[in-house]
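The structure appears below as structure tokens.
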Amino acid sequence: MEQVATESILNDSRRAGTKRERHVAESDPRTRCPTAPPPPRRALVTPESASDEPRVERADVAQAHRIVVKIGSSSLTSDSGRLDPGRLAALVEVLAGLYRQGKSVVLVSSGAVAAGLAPLGLTARPAELSAQQAAASVGQGLLMGTYGAEFGRYGIQVGQVLLTAGDITRRDHYHNARRTLKKLMLLGIVPVVNENDVVATHEVRFGDNDRLAALVAELIGADLLLLLSDVEALYDGDPLAAGTGPVAEIRGPADLAGIRTGTPGRSGVGTGGMGAKVQAAMTAASAGIPVVLAAAWHAARALAGGETGTYFHAARQRPAEQLFWLAHATAPQGRIVLDADTVRGVREHGRPVLWTGVSAVEGQFTAGDPVDLADGAGRPVARGLARLASGDLIRLLAGSPVPDEGSAVLAYPEVVGAQDVALFAPHPYAETGSG
Ligand SMILES: Nc1ncnc2c1ncn2[C@@H]1O[C@H](COP(=O)(O)OP(=O)(O)O)[C@@H](O)[C@H]1O
Ligand SMILES: N[C@@H](CCC(=O)OP(=O)(O)O)C(=O)O
């Protein structure tokens with residue numbers, strides 16, 4: 001799971017109550033551009049103080065109109081790890097209530113692999129990818145059949161939307177997915193989204209659906225993301241360990257300091273664990289979307305703005321869509337290491353990356369590809385869109401002529417334009433590796 005966060009999120013977490021089901025370049029003349037660069041645009045959202053937008057509070061959740069609800073495998077399965085139709089029915093009843101109020105709902109549902117276990121005679125999630133894919137192939141149909149029947153009881157139609165990480169990475173596909181989702185909602189159909197497990201590979205895979213849900217929330221311009229799981233909230237440590245407790249709210253990255261998240265719970269069917277949920281929640285929050293992380297059995301209460309689960313405050317401004325996509329939906333094709341002046345210029349002044357500020361090039365990319373920008377210690381600073389192919393950049397740095405494009409490059413020596421940079425912020429919470 002990529003540890004990408006935007007600068008946009010702000011700052012004071014409070015621990016809440018009970019412990020119930022605990023299961024639960026700049027001035028260097030070398031870097032001056034001979035032609036005027038485009039005016040620097042701050043990457044993503046600037047801190048909270050820069051905005052006059054009112055902060056959305058938890059109680060406002062009840063007013064949300066366009067809602068993405070994500071439910072994990074662990075909340076759809078019985079203790080034996082099989083799909084539990086009763087749990088699906090309970091969720092659908094809540095979502096149908098939203099629908100009746102005229103709200104638009106997109107459901108991101110895991111559970112395909114779990115639903116396929118029994119028909120394939122399996123008792124646990126298989127480790128082998130092809131076996132998971134076979135289970136998902138059988139299970140996705142059963143999952144949709146059950147959702148179709150349950151929503152049908154309320155006169156609601158559902159539409160299946162299967163996405164791969166690759167679909168989201170490509171900008172034209174990203175836009176296509178948005179068009180389809182919006183059309184379905186316009187038609188009064190509830191989209192049921194899952195990863196297209198059957199074609200996903202180890203390399204290009206969401207794995208869990210948390211990040212997918214955050215991306216879908218941005219895609220449709222949601223005003224709420226509800227992440228439902230088998231635990232009542234984000235805990236400040238392993239929920240099963242003594243002395244840990246639920247966290248009521250996260251106002252920004254600083255609140256994550258000291259919080260330890262582990263891998264999936266004991267259901268044995270979830271995949272991402274709490275780290276993936278926190279990452280997804282922060283991603284959506286950085287896009288200006290408030291997030292509630294709650295237990296599936298508290299879905300109705302969470303949607304009514306009740307004090308349950310963990311509330312992640314949204315950034316007050318939505319970032320430019322292109323920068324959100326760049327930071328969160330793309331996969332870097334290579335890495336450009338920058339000198340210290342250029343790092344400062346990019347981070348603090350929104351300046352472009354000039355080839356003279358590049359100290360090393362890693363990987364193979366072509367012009368237009370997403371690349372990570374790193375500092376001298378290799379720490380990722382930002383993601384940007386390369387204007388030069390890696391080969392040309394390496395030739396340029398070596399002082400060799402660049403075929404065809406040489407004169408253009410020297411006249412306008414930006415390797416990454418200022419408007420094509422999305423800054424990263426470090427994630428202060430720790431992954432423990434155990435749930
Ligand atoms: N800090 C934490 N707070 C809450 N849950 C945690 C934490 N660390 C690990 N977990 C585990 O994460 C599990 C939820 O992740 P996962 O099994 O992937 O669920 P899902 O199927 O809903 O995606 C919980 O059951 C819990 O045991
Ligand atoms: N796409 C997969 C999701 C796998 C999974 O378990 O995800 P999650 O429960 O969100 O951690 C499926 O439908 O089985």
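What you see below is based on every heavy atom in this structure, not just the backbone, and it leaves out hydrogens, waters and symmetry mates. First listed ligand is number 1; within each ligand, the first listed atom is number 1.
- The shortest heavy-atom distance from Ala136 to ligand 2 is not under 4.0 Å.
- Looking at Asp223, its side chain does come within 3.5 Å of a backbone N or O of His65 through a donor-acceptor pair.
- Short contacts between ligand 1 and Gly237, defined as distances under 4.0 Å to a heavy atom of the residue, involve ligand atoms 1 (N), 2 (C).
- Close approach to Gly72 involves these atoms of ligand 2, each under 4.0 Å from a residue heavy atom: 9 (O), 10 (O).
- Classified by interplanar angle (parallel below 30°, tilted 30° to 60°, perpendicular above 60°), the ring pair Tyr311/His313 is perpendicular.
- On a distance-only criterion, Ile71 and ligand 2 share no N/O pair closer than 3.5 Å.
- In this structure, Ala233 is part of the shell of residues with a heavy atom less than 4.0 angstrom from ligand 1.
- An N or O contact shorter than 3.5 Å links Arg260 to ligand 1 by distance.
- Considering both main-chain and side-chain atoms, Ser110 comes within under 3.5 Å of ligand 2 through a nitrogen or oxygen pair.
- The existence of a salt bridge linking Glu414 and Arg351 is excluded, since no basic side-chain nitrogen approaches an acidic carboxylate oxygen closer than 4.0 Å.
- Under a 3.5 Å cut-off, the side chain of Thr169 and the backbone N or O of Ala165 do form a donor-acceptor pair.
- Here is the list of ligand 1 atoms found below 4.0 Å of a heavy atom in Ser73: 21 (O).
- Within the structure, ligand 1 lacks Glu232 among the residues with a heavy atom less than 4.0 angstrom away.
- Shortest non-hydrogen contact noted between Ala64 and Leu224 is CB-CB, 3.6 Å.
- Compare Ser229, Ala296, Gly111 by their heavy atoms: the one nearest to atom 14 (C) of ligand 1 is in Ser229.
- Of all atoms in ligand 1, numbered sequentially from 1 with element shown, those under 4.0 Å from a heavy atom of Thr261 are 1 (N), 8 (N).
- To the nearest 0.5 Å, the span separating CH2 on Trp325 from CG on Leu215 amounts to 12.0 Å.
- Between Ala112 and ligand 2, at least one N/O pair is under 3.5 Å apart.
- Of the charged side-chain nitrogens involved, none lies within less than 4.0 Å of a carboxylate oxygen, so that Glu249 and Arg58 do not count as a salt-bridged pair.
- With salt bridges taken as basic N to acidic carboxylate O contacts below 4.0 Å, none links Arg211 and Glu195.
- Looking at Asp230 next to ligand 1, an N or O pair under 3.5 Å apart turns up.
- Here is the list of ligand 2 atoms found below 4.0 Å of a heavy atom in Lys70: 8 (P), 10 (O).
- Atoms of ligand 2 found under 4.0 Å from any heavy atom of Asp197, numbered from 1 in the order shown, are 1 (N), 2 (C), 12 (C), 13 (O).
- With hydrogens and angles ignored, the 3.5 Å screen pairs no side-chain donor or acceptor of Glu321 with any backbone N or O of Pro319.
- Residue Lys277 touches ligand 1 through its side chain alone, judged by heavy-atom distances below 4.0 Å.
- A salt bridge links Lys277 and Asp210; the closest N-O separation between the charged side-chain nitrogens and carboxylate oxygens is under 4.0 Å.
- An N or O contact shorter than 3.5 Å links Tyr235 to ligand 1 by distance.
- Annotation: Val231 places no N or O atom under 3.5 Å from an N or O atom of ligand 1; distance criterion only.
- In terms of heavy atoms, Tyr147 sits closest to Val158 at O-CG1, 4.4 Å.
- Atoms OH and CE, from Tyr235 and Met274 in turn, are 10.0 Å apart once rounded to the nearest 0.5 Å.
- Each of the following atoms of ligand 1 lies closer than 4.0 Å to a heavy atom of Ser74: 19 (O), 20 (P), 21 (O), 22 (O).
- Comment: Asp372 engages Arg383 in a salt bridge, judged by a side-chain N to carboxylate O separation of less than 4.0 angstrom.
- Ligand 1 places these atoms under 4.0 Å from at least one heavy atom of Lys70: 23 (O).
- The shortest N or O to N or O distance between Asp210 and ligand 2 is not under 3.5 Å.
- Listed by number with element, the atoms of ligand 1 under 4.0 Å from a non-hydrogen atom of Gly72 are 20 (P), 21 (O), 22 (O), 23 (O).
- Polar contact check, Glu195 against ligand 2: no nitrogen or oxygen pair lies under 3.5 Å apart.
- Between the side chains of Thr244 and Asp236, no donor-acceptor pair of N or O atoms lies under 3.5 Å.
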